[in-house]
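In what follows, chains are A, B, ... by sequence order, proteins preceding strands, each numbered from 1.
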Amino acid sequence: MENASIAVPPSGGGAFLRTVDSASLSHQLPHEKLAWMLRKMCETRYFEEKAEELYTRGLVHGTMHLSIGMEASPIGSIGALEPDDLIIHHHRGHGHTIAKGADIAIMMGEFLGKEPGYCRGRGGSMHIADMQGGNFGATGIVGGGIPIAVGIGLALHMRRSSQVLLSFFGDGTTNEGAFHEALNLASIWKLPIVFICDNNKYGMSMDVHQVMNIEYISERAASYGIPGVSIDGNDVLTVYQVIGEAIARARAGEGPMLVENLTYRWRGHSKSDRNLYRTQEEIAEWMERCPIKRFKQLLVTEHIMDEVEVEDIDLQAKETIDQSAEEAVLMPEPSPENMEDEVYAP
Amino acid sequence: MENASIAVPPSGGGAFLRTVDSASLSHQLPHEKLAWMLRKMCETRYFEEKAEELYTRGLVHGTMHLSIGMEASPIGSIGALEPDDLIIHHHRGHGHTIAKGADIAIMMGEFLGKEPGYCRGRGGSMHIADMQGGNFGATGIVGGGIPIAVGIGLALHMRRSSQVLLSFFGDGTTNEGAFHEALNLASIWKLPIVFICDNNKYGMSMDVHQVMNIEYISERAASYGIPGVSIDGNDVLTVYQVIGEAIARARAGEGPMLVENLTYRWRGHSKSDRNLYRTQEEIAEWMERCPIKRFKQLLVTEHIMDEVEVEDIDLQAKETIDQSAEEAVLMPEPSPENMEDEVYAP
Amino acid sequence: MSDQKTREITYLEAVREAMVQEMRSDPDVFLMGEDIGVYGGAFGVSQGMLDEFGPERIRETPISEEAIAGAATGAAMMGMRPIIEIMFMDFLTLAMDQLANQAAKIRFMFGGQTSVPLVCRAPAGSGTGAAAQHCQSLEAWLVHAPGIKVVAPSTPYDAKGLLVTSIRDNNPVFFMEHKLLYRTKGQVPEDLYSIPFGQAEVKRPGRDLTVIAYSNMVVRALEAAEILAVENIEIEVVDLRTLKPLDEATLIASVCKTGRVLIVHEAPLTGGFGGELAALIAGGEAFDFLDAPIRRLAGLDIPIPYNRTLERATVPQVEDIVAAARILAKEGK
Amino acid sequence: MSDQKTREITYLEAVREAMVQEMRSDPDVFLMGEDIGVYGGAFGVSQGMLDEFGPERIRETPISEEAIAGAATGAAMMGMRPIIEIMFMDFLTLAMDQLANQAAKIRFMFGGQTSVPLVCRAPAGSGTGAAAQHCQSLEAWLVHAPGIKVVAPSTPYDAKGLLVTSIRDNNPVFFMEHKLLYRTKGQVPEDLYSIPFGQAEVKRPGRDLTVIAYSNMVVRALEAAEILAVENIEIEVVDLRTLKPLDEATLIASVCKTGRVLIVHEAPLTGGFGGELAALIAGGEAFDFLDAPIRRLAGLDIPIPYNRTLERATVPQVEDIVAAARILAKEGK
Ligand SMILES: Cc1ncc(C[n+]2csc(CCOP(=O)(O)OP(=O)(O)O)c2C)c(N)n1
Ligand SMILES: Cc1ncc(C[n+]2csc(CCOP(=O)(O)OP(=O)(O)O)c2C)c(N)n1
Ligand SMILES: [Mg+2]
Ligand SMILES: [Mg+2]
């Protein structure tokens with residue numbers, strides 16, 4: 001099938017980089033799909049800006065990891081799924097959760113540690129899961145979710161399901177043993193999983209090229225005999241297209257694939273980050289490549305939407321977030337009674 | 001430098017396989033080197049046959065892993081080292097220990113759990129180390145020695161030593177996370193280590209191609225940006241030559257490399273193995289490729305030695321083993337007094 | 001307990017039978033691990049299972065303990081009931097993130113949205129000359145990982161019944177099998193039956209002191225009891241069977257009755273599960289009934305040595321239990 | 001103890017100072033871990049060290065805990081003295097093979113041919129809203145791994161002196177740093193000094209009952225002592241400082257003196273180090289001096305929840321210690 005071509009890196013430099021003509025793709029997709037992508041990207045952005053604000057106002061006890069600037073990867077990827085497909089992700093997972101259809105007030109409630117939150121305030125930002133929505137949640141252990149992904153994929157496979165799982169993780173994560181063991185297992189069992197590396201150029205502070213001797217993380221796919229490809233992770237339609245192909249491949253029973261979405265995080269790793277490991281210029285440069293701005297421009301340039309429609313979607317997203325935050329702030333706190341009874345399932 | 005060519009797999013099939021003209025190489029090497037290799041291979045073979053015999057006679061309490069049929073890999077590899085270079089190996093490590101110059105009686109003593117044994121009877125077959133001889137020993141945890149190798153290499157590097165370390169492990173081991181993490185680390189730090197995979201076609205019972213989707217394990221080197229190559233691991237001179245090049249590379253500060261020595265174990269994984277996972281034909285076929293027989297033939301065909309000299313070396317090896325075993329059987333048992341005082345260094 | 005036909009089988013066969021019968025009746029149950037197919041597992045526990053269930057459900061893996069445990073966790077979240085075999089308990093060190101940080105915590109951390117019904121089986125213990133990295137008893141780590149249950153049967157009957165319960169339990173269960181128990185024999189019903197968690201069993205009643213044990217140390221305690229009986233010292237042997245949940249009532253009742261307690265385990269003394277047991281006794285109602293200090297007999301605080309004599313000296317033997325019980329029986333305030 | 005100039009610094013600074021001064025005096029000492037360079041470590045412990053020592057000795061690593069621990073083990077066998085920082089104690093789960101199966105055992109298993117002088121530092125404990133996978137206190141696992149020493153200082157002074165000893169020790173040492181202690185302050189000598197292992201310290205003498213604690217719980221116990229003193233309950237606070245080796249003599253002496261003991265730790269109760277302590281007391285000479293059952297106050301047997309109120313309710317707070325001590329002071333046979 002056509003997607004197999006992804007596997008073979010063209011000879012010469014930039015071997016693993018795949019490009020997509022997003023302009024023409026934008027004309028092939030339904031309007032509502034494009035609107036959905038824009039809305040989810042904006043919601044993610046506003047969610048995280050709101051999170052920052054609440055944090056600054058002292059309403060948050062705990063840590064958080066913001067993905068501002070990286071929204072195209074989760075939204076483009078999850079946009080390519082069918083509704084009953086599944087995802088599992090990681091500590092920087094707000095975008096994934098929103099894209100998978102989480103109720104944002106409930107999500108915000110979890111962020112604030114409230115009882116009606118997705119995890120009843122037990123999980124917090126780093127562990128939001130929405131099992132009913134097919135979102136197997138975030139792990140705080142770097143790499144810890146990838147072997148779990150294998151198990152989910154295995155269950156799909158054993159039950160002859162047509163569902164597909166997306167497993168998200170970061171660049172730094174690919175140096176964990178868990179990554180290696182899991183991708184190997186998924187490969188030999190031909191599981192319906194797409195492994196998606198959100199490469200935002202840094203672990204916490206370590207430049208990806210400081211911690212590995214290769215140009216693209218997708219090169220590592222070769223160790224498992226699966227296709228690997230790297231793409232512009234700030235272009236939501238490129239992500240949508242390439243992940244879509246990988247999903248089709250997985251659904252057809254051809255096994256997993258590794259896709260590297262090249263992107264960048266604008267904010268520090270977490271709140272304690274003083275950004276000493278990178279330059280302001282670099283940050284500014286990447287802010288120029290803002291995935292939301294780019295997508296808006298594309299939609300307008302290609303006459304898919306006019307500016308009014310675009311800004312309307314943006315505004316609606318902002319309102320959704322503001323409203324959800326208001327709701328969430330008012331939600332009740334959990335009670336510490338009988339917590340020991342919650343640990344084990346009956 | 002020339003060795004770098006190892007890194008680049010020639011295009012086409014069998015991409016990672018490198019061959020060596022051992023016949024002509026045999027004329028370039030000193031006679032005593034060749035004699036040493038033959039002697040060490042024979043000693044290894046007889047050591048393990050003796051080990052089996054002692055086991056069968058009920059003199060061994062414990063487990064053992066025999067490398068009969070695989071002798072070319074440790075002997076050829078370690079033969080390419082300078083005396084003060086280092087090795088670290090694994091559960092199937094008798095050949096490595098003998099090649100690194102162990103006193104065979106003391107080694108046999110350890111196998112029998114005797115006080116004068118290398119580990120005072122605490123370690124046994126699976127944990128023989130000879131620290132004074134530059135042999136950092138065997139771990140029983142599959143993959144457990146590879147991260148330790150990184151630390152040894154790191155110390156060499158930090159001390160600007162010219163020593164090199166060989167880190168040995170099996171095919172099945174390369175599916176452990178430890179392999180992945182360690183090779184990546186050794187690569188980014190350019191450590192003076194040669195990683196040697198003794199690929200004997202099986203883990204315990206799992207065929208290497210059942211547990212990974214690639215043809216050669218050396219392909220995995222690409223994930224770490226280091227050279228990888230696969231060779232005929234039953235030809236001691238091929239091993240000697242290629243590992244020698246990798247050692248030179250490492251000593252020159254060019255970093256680690258992964259070499260896969262393709263070989264086969266004749267015996268079961270350990271004593272409980274009923275050999276159900278492979279055919280008698282396969283075993284017979286590989287017995288034809290006996291590394292000792294092949295080397296003897298080469299030496300005679302190339303007129304390096306006559307048959308008398310060859311068989312003399314063989315006989316001496318047998319005598320060494322027989323004598324060592326006799327000594328070892330008579331060695332005193334350790335006493336269980338005060339074992340708790342041995343755990344911590346003063 | 002089933003009143004069906006029973007026959008004598010080994011502990012190993014009992015473990016296998018529980019898996020086989022559960023796999024027959026529940027298609028979600030499957031076994032995963034290294035060399036469990038044609039090889040039948042390192043100790044032969046799964047021998048023959050590949051023939052009946054095929055490679056889908058007797059799922060062999062590469063040597064990747066972390067991924068095995070993770071795969072079980074993910075499959076369990078999907079409603080499957082994976083059993084994983086970790087070849088030696090020592091290799092749990094490689095799977096602890098998945099077991100203790102993921103499987104154990106996911107339910108609570110996700111606010112009860114899901115559960116993780118997996119069983120992790122592993123052979124533990126010394127006595128086979130396998131040395132420091134193949135002989136450990138790490139149950140204390142698992143007991144200290146909230147979210148995991150820990151089971152350690154000592155007889156074929158208990159092994160079958162408790163493994164069935166483990167498989168049906170909706171939580172991660174660690175099922176500890178002692179290597180030396182594999183060949184021990186006992187009467188086991190042919191039919192499926194289950195033994196509830198949290199029920200210790202008094203394997204031998206006695207008057208003079210209580211020995212609390214589990215796994216292989218129960219066997220040794222019962223042998224010691226025979227010897228001591230000749231000397232007119234009657235020890236009561238309480239087999240915990242499940243360490244978590246723990247049947248405090250039974251052990252406290254026994255201690256209250258005898259007034260003396262000897263806790264026995266193979267794992268190293270320091271930080272072992274015996275500490276927890278001693279603390280429970282010393283902190284509860286039994287305290288007032290104690291006629292002598294609480295005694296522990298456990299493995300030395302050393303790695304297990306290879307040499308047979310050293311290995312034997314490292315963990316409690318029958319004669320050590322006899323000796324400790326003799327002294328304790330005479331001790332008193 | 002040094003009688004040189006002292007000044008008030010934080011616990012975090014004390015940890016850093018010990019490393020810096022040892023690195024200045026011993027070229028074999030180096031620090032290895034994730035984000036310890038320009039970032040200064042997740043908690044800022046190594047801030048500025050890169051400037052002084054450069055990237056060779058402030059050696060940043062990929063996110064590879066198993067390899068970090070292994071690299072330290074190998075380097076230590078070569079005679080280096082690596083210190084590794086594991087970013088959160090929870091991530092020890094990924095390094096346990098290297099720590100417990102390799103580093104801890106190699107000396108014994110190789111018959112004394114080598115030793116493994118490494119230090120593994122890690123921040124432990126809850127109180128920062130970091131939830132289930134970033135808040136654990138896993139010292140009980142390490143205490144149960146023969147070959148490892150375990151250190152858990154509660155003050156800046158102890159932190160510096162014990163870290164120096166840890167670095168100079170010829171064995172693998174786990175050095176536990178509680179996140180909430182990092183910003184606490186205390187008088188610390190400028191010069192290098194060391195505190196021997198195995199010496200508990202009575203941080204506050206008292207008549208009515210003994211509280212045994214370590215790490216952050218010492219701070220809470222001392223606060224509780226102030227409150228209780230007002231009610232004329234005088235508690236003696238014994239700070240273990242090192243869990244392995246353990247200063248049994250000091251704690252037994254204190255228990256014999258007061259006749260009542262409350263053991264406090266943050267880790268979950270079941271299988272925690274408190275069990276070991278209780279067992280030692282209940283099995284030794286102090287048994288006869290006990291006027292009340294041995295009490296433990298510890299974390300709930302649950303993963304640490306995110307929400308602040310729940311998190312607080314999960315581990316012992318000052319008021320919990322006060323309440324437990326109040327009851328215990330009146331309990332008695
Ligand atoms: C096992 C483990 N090691 C270290 C950490 C601390 N940590 C949290 S996120 C992070 C960086 C992860 O980098 P990457 O995979 O690139 O994801 P990103 O944060 O950039 O999204 C680190 C080191 C952790 N949570 N878990
Ligand atoms: C972590 C771990 N997992 C499993 C085992 C059990 N085991 C011992 S050797 C072995 C096979 C290893 O295969 P390979 O790496 O190819 O080496 P070989 O035995 O073939 O020399 C296995 C599974 C172990 N010792 N350690
Ligand atoms: Mg990143
Ligand atoms: Mg092999």
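Between the side chain of A/H61 and the backbone N or O of D/G129, at least one donor-acceptor pair lies under 3.5 Å.
Heavy atoms closer than 4.5 Å to chain A are found in the side chain of D/F91, but not in its backbone. For A/S335, the part lying under 4.5 angstrom from a heavy atom of chain D is the backbone only. Neither the backbone nor the side chain of D/E66 comes within less than 4.5 Å of any heavy atom of chain A. For A/N275, no part sits under 4.5 Å from any heavy atom of chain D, backbone or side chain. In this structure, chain A has a heavy atom under 4.5 Å from the backbone of D/T61, while its side chain stays farther away. Using a 4.5 Å cut-off between heavy atoms, D/E311 contacts chain A through its side chain alone, with no backbone atom that close.
In terms of heavy atoms, A/R274 sits closest to D/V38 at NH2-O, 3.9 Å. In terms of heavy atoms, A/M339 sits closest to D/L310 at CE-O, 3.6 Å. Summarising the geometry of D/A313 relative to A/P336, their closest heavy-atom pair is CB-CB, 3.5 Å, with the distance given to 0.1 Å. Residues A/V60 and D/Y306 share a closest heavy-atom pair of CG1-OH, 3.5 Å. Across all their heavy atoms, D/A130 and A/M126 have their closest contact at O-CE, 3.5 Å. The shortest non-hydrogen separation linking D/S64 to A/E176 is CA-OE1, 4.1 Å.
Interface check for chain A: of the options D/N307, D/L94, D/I304, D/D301, the most heavy-atom pairs under 4.5 Å are formed by D/N307. Highest contact tally toward chain D, considering only A/I141, A/T63, A/T174, is held by A/I141 [criterion: heavy-atom pairs under 4.5 Å].
The shortest side-chain heavy-atom distance between A/E342 and D/I302 does not fall under the 4.5 Å cut-off.
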